[in-house]
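A note on names: the letters A, B, ... follow the listed sequences, proteins ahead of strands, and every chain is numbered from 1. In what follows, every heavy atom counts, from backbone to side chain, and hydrogens, waters and symmetry copies are set aside. Computed from a prediction, not measured in an experiment: that's the story for all the values here.
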Number of protein chains: 2
Amino acid sequence: MDHTPIACSHHDHDHCIHDALEAARNLCVSRGVRLTDLRLQVLELIWQNHKPLGAYTLMEMLAKANTRRVAPPTVYRALDFLLEQGLIHRINVLNAFIGCPSPGTKHQSHFLICRTCGVAIELDEPTLNQQILQVAKESGFTVETQALEVSGLCANCAGANT
Amino acid sequence: MDHTPIACSHHDHDHCIHDALEAARNLCVSRGVRLTDLRLQVLELIWQNHKPLGAYTLMEMLAKANTRRVAPPTVYRALDFLLEQGLIHRINVLNAFIGCPSPGTKHQSHFLICRTCGVAIELDEPTLNQQILQVAKESGFTVETQALEVSGLCANCAGANT
DNA sequence: GCCAATAGGTTATAGAGTAACATATCTGCC
DNA sequence: GGCAGATATGTTACTCTATAACCTATTGGC
């Protein structure tokens, strides 16, 4: 059984971007929070592809897109907002950020990360989530957040090496 | 079912330290690599408790223990060695390092991390590991390393709040 | 239109990690 | 023992990541 993830396959990525921004707008309206120009722009840049982007990379991209140059706190505040709203995830192992394809629902932040092409594939496996919660429970541990970061080679990159 | 992890219970921690250092010495001898004074000292400091320590914290501890002041590359090289030998793990979400209680065997780096007391509990759940590998396989992904970092409250800290 | 709250701008600095090169120490070999 | 090559550590400087503190601008409700 081999289900190639969207992130790894040829696809209409404009569609991904459009959907993500649309979902973000709706979510922010329904929650009564403000998706400002800056926040939207940062989210759009993050969605440029399925690869996590660092804060400083985003700063450079902002500087090119706009005339204005943005200082670190500005971009970090936008990132903090997007994280709080569950619109993006932080990939700890890369110090980088990636868009969440299903904001508004539960986020366990489970990723497969390719060390060659840099793509990060978000998993949605309730069973895995349940098992982690179960294991934690057995240790008397109260789970607040989870971060599973599996590093290796995606199907494309592993295939190219053989 | 509730198995309080060692890290969270009262225990003879000198025993933990002793065992860890003994295991490290044996492992290094059997592999023909050099567990130098510095590396041993760093490992010992990391094992002071069951809480991850940052590289700069370790530097300060080294400076206090010895007269000599150690520069970042020195401590990072020791940490790199210990990581390579599987004697410690890196906790990405904390930018910190913690001793591995079972070096020499497979390391999946699965942790429960308490945000209050800072303790990090290493899990040893082959079933969980298998499931992660299975999920990755279904996406055609070749796993090289895993990092599961579950944050929340340990049994002690959760109990103290109720 | 005013006020309080929220968002963004600015400067400076803290924290984490590494590159590049110099020196020391440890082997194995003669 | 002494030498050579490999391994380990010291040193300086720097890059990358993130935040503190303070100020200004914008927004939305009254």
Side-chain angles (χ1 to χ4, degrees), chain A residues 24-25 28-46 51-63 65-85 87-98 118 147 149, chain B residues 24-25 28-46 51-63 65-85 87-98 118 147 149:
Chain A
R25 265 186 282 258
C28 287
V29 168
S30 77
R31 288 173 183 168
V33 296
R34 286 159 59 191
L35 186 61
T36 62
D37 284 354
L38 180 68
R39 291 165 175 175
L40 184 61
Q41 199 182 359
V42 169
L43 183 61
E44 201 170 351
L45 287 172
I46 287 179
K51 302 172 185 180
L53 291 177
Y56 281 70
T57 306
L58 285 166
M59 276 176 59
E60 282 174 30
M61 292 168 84
L62 283 170
N66 311 340
T67 323
R68 65 174 168 184
R69 183 156 273 292
V70 187
T74 301
V75 72
Y76 276 103
R77 278 187 290 233
L79 290 169
D80 286 344
F81 171 85
L82 296 171
L83 283 170
E84 274 168 27
Q85 299 302 323
L87 299 170
I88 62 173
H89 291 288
R90 184 170 201 285
I91 305 292
N92 294 313
V93 78
L94 298 177
N95 293 334
F97 304 86
I98 191 166
E149 300 177 359
Chain B
R25 267 186 282 259
C28 287
V29 167
S30 77
R31 288 175 183 167
V33 295
R34 286 159 60 189
L35 189 60
T36 62
D37 285 354
L38 179 68
R39 290 165 176 177
L40 185 61
Q41 200 181 358
V42 170
L43 183 60
E44 201 170 353
L45 288 172
I46 286 179
K51 302 173 187 180
L53 292 177
Y56 280 71
T57 306
L58 285 165
M59 278 175 59
E60 283 174 29
M61 293 167 85
L62 283 170
N66 312 340
T67 324
R68 66 174 168 183
R69 183 157 273 293
V70 188
T74 301
V75 73
Y76 275 103
R77 279 186 289 232
L79 290 169
D80 286 344
F81 171 85
L82 297 171
L83 283 171
E84 274 167 25
Q85 299 302 323
L87 298 170
I88 62 173
H89 292 286
R90 183 170 202 285
I91 306 292
N92 293 314
V93 76
L94 298 176
N95 292 334
F97 303 86
I98 190 165
E149 301 177 0

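Checked against side chain to side chain donor-acceptor pair (under 3.5 Å), B:R31 has the following partners two or more places apart in sequence or in another chain: B:Q85. Looking at residues two or more places apart in sequence or on another chain, you find a side chain to side chain contact (heavy atoms under 4.5 Å, CB included) between A:L53 and A:T57, A:L58, A:M61. For A:Y76, the side chain to side chain contact (heavy atoms under 4.5 Å, CB included) partners two or more places apart in sequence, or in a different chain, are A:A55, A:Y56, A:P72, A:L79. By the side chain to side chain donor-acceptor pair (under 3.5 Å) test, B:D80 pairs with no residue at all, sequence neighbours left out.
Following rounding to the nearest Å, B:I91 (CD1) and C:dA16 (P) show an atom-to-atom distance of 15 Å. A:L79 has its CG atom 15 Å from the P atom of C:dA7, to the nearest Å. A straight line from OH of A:Y56 to C1' of C:dA16 spans 12 Å, rounded to a whole angstrom. Protein atom CG of B:N95 is 14 Å distant from nucleotide atom C1' of C:dT18, rounded to whole Å. Taking atom CG on B:L35 and atom C1' on D:dT7, their separation rounds to 15 Å, with Å as the unit. The separation between A:M59 atom CE and C:dG8 atom P is 15 Å, rounded to whole Å. One interatomic measurement links the two molecules: CG of B:L53 to P of C:dA16, which rounds to 11 Å at whole-angstrom precision. A:L58 places its CG atom 14 Å from the C1' atom of D:dC16, with the value rounded to the nearest Å.
Residues A:V42 and A:F81 form no side-chain contact, since every pair of their non-hydrogen atoms from C-beta on lies 4.5 Å or further apart.
Here the side chain of A:P73 is nearest to one of C:dG8, D:dT11, C:dT11, namely C:dT11. Nearest nucleotide to the side chain of B:T74, out of C:dG9, C:dA16, D:dT11: D:dT11.
Mapping A:P72 and A:A78 onto DNA chain C by nearest heavy atom places A:A78 closer to the 5' end of the strand.
Contact check of residues 36-44 of chain B against DNA chain D (heavy atom, cut-off under 4.0 Å) returns B:T36, B:L38, B:R39.
Where stacking is scored as ring centres under 5.5 Å apart with planes under 30°, B:Y76 does not register as stacked on the base of C:dT18.
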- request: Report, as a single string ordered 5' to 3', how protein heavy atoms within less than 4.0 Å touch nucleotides 21-29 of chain C: B base, S sugar-phosphate only, - not at all.
  value: -----S---

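The side chain to side chain contact (heavy atoms under 4.5 Å, CB included) test with B:Q41 is passed by exactly one of B:T36, B:I46, B:V70, B:L62: B:L62.
At least one donor-acceptor pair under 3.5 Å links the side chain of A:R39 to the backbone N or O of A:R34. A:E149 contributes a side-chain N or O that, together with a main-chain N or O of A:V93, makes up a donor-acceptor pair within less than 3.5 Å.
Note that the CG atom of A:L43 and the CG atom of A:L82 stand 5.5 Å from one another [nearest 0.5 Å].
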